[in-house]
Amino acid sequence: MLNTKLDVVVVGTPDITKLSDSEQRTLFETLYARVLELAKKTD
């Protein structure tokens with residue numbers, strides 16, 4: 001099982017709905033890619 005601690009620093013109140021559809025997609029694709037990288041690194 002993947003056990004990784006990620007620290008997230010937030011300035012202000014985040015609201016993903018304020019992003020455009022393409023910005024939301026990019027955000028989630030980037031997060032997904034990073035999670036996959038971390039999972040592969042621990043194998």
Side-chain angles (χ1 to χ4, degrees):
M1 178 182 280
L2 177 64
N3 290 316
T4 301
K5 180 179 177 184
L6 300 176
D7 293 322
V8 177
V9 178
V10 178
V11 177
T13 303
D15 187 357
I16 293 172
T17 62
K18 299 282 185 190
L19 299 173
S20 69
D21 287 343
S22 65
E23 290 172 323
Q24 287 181 31
R25 182 180 178 99
T26 300
L27 172 66
F28 288 115
E29 286 175 345
T30 303
L31 289 172
Y32 181 70
R34 184 65 179 132
V35 168
L36 288 178
E37 285 175 25
L38 290 171
K40 288 177 184 176
K41 185 184 258 188
T42 61
D43 287 344

Salt bridge (charged side-chain N to carboxylate O under 4.0 Å, His left out) test vs E37 passes for just one of K40, K41, R34, namely R34
Enter the distance from [X]:[atom1] to [Y]:[atom2] here, rounded to the nearest 0.5 Å.
X   : Y   : atom1 : atom2 : result
L31 : T26 : CG    : OG1   : 11.0 Å
I16 : K18 : CD1   : NZ    : 13.0 Å
L19 : T17 : CG    : OG1   : 8.0 Å

